[in-house]
Undergrad: 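Below is a structure I'd like to ask you about.
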Amino acid sequence: MNLNQNKTPIFEALKKYRNNRIVKFDVPGHKGGRGNKELTDFLGETCMQIDVNSMKMLDFLGHPESVIKEAEEIAADAFNAEHAFFMVGGTTSSVQAIIMYACKSGEKIIMPRNVHKSAINALVVCGAVPVYVNPGTNKNIGIALGMSVFDVADAIKKNPDAKAVFVNNPTYYGICPDLKEIVKLAHENNMLVLADEAHGTHFYFGENQPVSAMTAGADAAAVSMHKTGGSLTQSSFLICGKNIHAGYMRQIINITQTTSGSYLLLASLDLARKNMALNGKELIKKTVEFAEYARSEINKTGGYYAYSKELINGDNIYDFDLTKLSVYTREIGLAGKEVYDILRDEYDIQIELGDIGNILAIISAGDRMFEIERLIAALSEIKRLYSKDTAGMFDHEYINPAVRIAPQEAFYSDGKSILIEQSAGKISGEFVMCYPPGIPILAPGEEITKDIIEYIRYAKEKSCFLTGTEDMDINYIYVVGE
């Protein structure tokens with residue numbers, strides 16, 4: 001459509017509203033900040049004055065007819081999509097909406113097991129049944145990969161009644177599958193293709209990036225604009241292709257999305273879309289240059305391995321996202337989480353995650369070269385001061401689970417909490433995961449094995465932030481049928 005990407009309908013309407021000096025007899029109760037001076041001093045008057053409720057001149061997120069509708073149309077054009085929805089519940093809400101659109105209770109969905117917990121939570125809510133494709137593991141760096149086209153084809157052949165194929169594009173670590181071929185396979189078998197692009201916003205705006213979901217012909221994608229697109233935390237886009245009925249998708253979204261959408265988040269999406277549409281090529285080029293420089297310097301240090309496109313094998317590593325600074329740490333005798341903690345506690349450097357064998361630093365054009373140099377120098381010093389023997393270290397991040405019952409059935413089944421150490425052979429009724437990245441070690445309905453128990457023990461030993469169980473200390477786990 002080639003709509004005017006300079007326009008920001010929501011942001012412009014908010015500025016007009018603020019200048020009108022409207023008397024406020026509606027929510028929120030802070031009344032433009034006057035009712036909470038400390039918060040206003042912290043966030044600023046402008047922020048508080050545009051933290052408003054839905055009204056005629058600002059439209060209604062659940063049923064847009066004016067400025068939000070126009071902003072959606074401009075965003076869809078920017079993403080080369082048929083429709084775009086502004087989401088204020090994070091990309092979690094986007095992931096869950098696209099799954100709940102595609103699948104009803106008892107229907108199958110093909111997906112890799114290394115999905116974010118939001119995808120499996122969607123199955124708990126809607127009752128869909130997962131057909132997991134083992135993404136495979138690169139034992140040299142210990143991470144789960146993308147789905148192999150061969151494995152997807154096999155899953156489709158064995159489950160011709162599946163309604164959709166769900167894909168990570170990319171994974172947290174930057175691994176991309178052969179999305180075009182997966183879309184072709186799925187569509188030939190009358191299945192929708194749904195993409196979790198929480199870490200792939202820049203694919204739509206940069207040059208020489210891995211293929212985006214919409215370019216590959218996928219039907220719907222959850223795009224986390226706040227991660228690499230510059231909007232405020234918790235803001236996201238849900239974008240759709242021509243096979244999606246936009247009216248029904250909005251109904252699905254409105255089941256769970258708040259009726260009090262934050263205009264701070266909406267305006268940030270509007271402005272971030274404009275910025276990426278107009279300046280994305282330059283911004284992402286700078287991001288890649290930062291990441292490539294850091295990779296090169298870190299690899300010169302020795303001991304670490306900052307991996308890149310050399311991993312590509314044309315199958316379950318079909319492409320790699322060069323903006324991701326993923327670094328394997330095991331060869332210096334430290335878990336990624338240990339390096340993560342040292343960077344934060346000793347060097348005041350906050351990176352995105354540290355897991356069993358890797359760290360991930362999110363790079364953007366908003367970084368500065370001296371900060372990149374500071375990270376490189378800190379990693380070099382950590383190697384010199386803290387490196388140790390690798391004996392006894394785990395060599396992989398992912399354990400392929402055995403699914404015994406559907407997630408919804410397991411989550412709502414009767415059972416009891418028992419010590420994790422005594423749970424081998426039982427069926428889990430809840431999640432266990434390290435966060436970030438939020439990929440479950442165990443999900444409801446999966447068999448607990450000795451390997452999984454040992455992995456949980458090791459993750460706790462390395463101070464990974466474990467979550468998911470009712471027991472906040474992760475000593476007990478709820479098991480089905482006890």
Undergrad: Y304 and Y328: aromatic ring centres closer than 6.0 Å?
TA: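 Distance test on ring centres: not under 6.0 Å, no.
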Undergrad: A side-chain contact here means heavy atoms from C-beta on lying under 4.5 Å apart; do I405 and I427 qualify?
TA: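 With C-beta onward as the side chain, the pair touches.
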Undergrad: Any side-chain donor-acceptor pair under 3.5 Å between N358 and S326?
TA: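 No, because no side-chain N or O of N358 sits under 3.5 Å from a partner of the opposite role on S326.
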Undergrad: Taking atom types as modelled, find out whether D51 and H30 have a side-chain donor-acceptor pair closer than 3.5 angstrom.
TA: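 The answer is yes; a qualifying pair exists.
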Undergrad: Among L179, D178, N316, which residue meets the side-chain contact (heavy atoms from CB on, under 4.5 Å) test with V149?
TA: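 Among L179, D178, N316, the one that satisfies the side-chain contact (heavy atoms from CB on, under 4.5 Å) with V149 is D178.
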Undergrad: Run the numbers on R457 and E454 for salt bridge (charged side-chain N to carboxylate O under 4.0 Å, His left out), then give the verdict.
TA: CA-CA 5 Å; R457 182 202 61 77; E454 180 63 16; 2.4 Å; yes
Undergrad: Verify the ring-centre separation between Y173 and Y307: is it less than 6.0 angstrom?
TA: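 They do not qualify: ring centres at least 6.0 Å apart.
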Undergrad: How about R113 and P440: do any of their side-chain heavy atoms sit closer than 4.5 Å?
TA: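 Contact flag for R113/P440 side chains = yes.
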Undergrad: Quick one: do E65 and H63 satisfy side-chain contact (heavy atoms from CB on, under 4.5 Å)? Show the steps, please.
TA: CA-CA 7 Å; E65 296 179 325; H63 189 93; 3.5 Å; yes
Undergrad: Can you tell if the side chain of V165 reaches within under 4.5 Å of the side chain of L194, non-hydrogen atoms only?
TA: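 SC-SC contact between V165 and L194 ruled out.
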Undergrad: Can you confirm whether the side chains of S212 and T215 place a donor and an acceptor under 3.5 Å from each other?
TA: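 Judged by distance alone, the side chains do pair up.
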Undergrad: Verify whether the ring centers belonging to Y101 and Y248 lie closer than 6.0 Å.
TA: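 Between Y248 and Y101, which both carry aromatic rings, the centre distance is below 6.0 Å.
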Undergrad: Whether the E470 and Y476 side chains hold a donor-acceptor pair (N or O, under 3.5 Å, no angle test) is what I'd like checked.
TA: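 Absent: no donor and acceptor within the cut-off.
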Undergrad: Can the ring centres of H202 and Y204 be said to be less than 6.0 Å apart?
TA: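 Here the rings of Y204 and H202 have centres that are no less than 6.0 Å from each other.
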Undergrad: Does any part of the side chain of I456, heavy atoms only, come nearer than 4.5 Å to the side chain of V432, both counted from C-beta?
TA: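 Sidechains of I456 and V432: in contact.
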Undergrad: So, the side chain of S54 versus the backbone of F60: is there a donor-acceptor pair under 3.5 Å, distance only?
TA: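 Looks like no, no N/O pair under 3.5 Å.
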Undergrad: Answer yes or no: is there an ion pair linking K242 with E82, defined by an N-O contact shorter than 4.0 Å?
TA: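 No, no charged N to carboxylate O under 4.0 Å.
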Undergrad: Do you know which two heavy atoms are closest between V480 and A410, and how far apart they sit?
TA: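 Looking at all heavy atoms of both residues, the closest pair is CG2-O, 3.8 Å.
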Undergrad: Evaluate the side-chain proximity of I175 to I143: yes if any heavy-atom separation is below 4.5 Å, no if none is.
TA: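 In contact.
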Undergrad: Closest approach of F166 and V95, non-hydrogen atoms and distance?
TA: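 Looking at all heavy atoms of both residues, the shortest contact is CZ-CG1, 3.9 Å.
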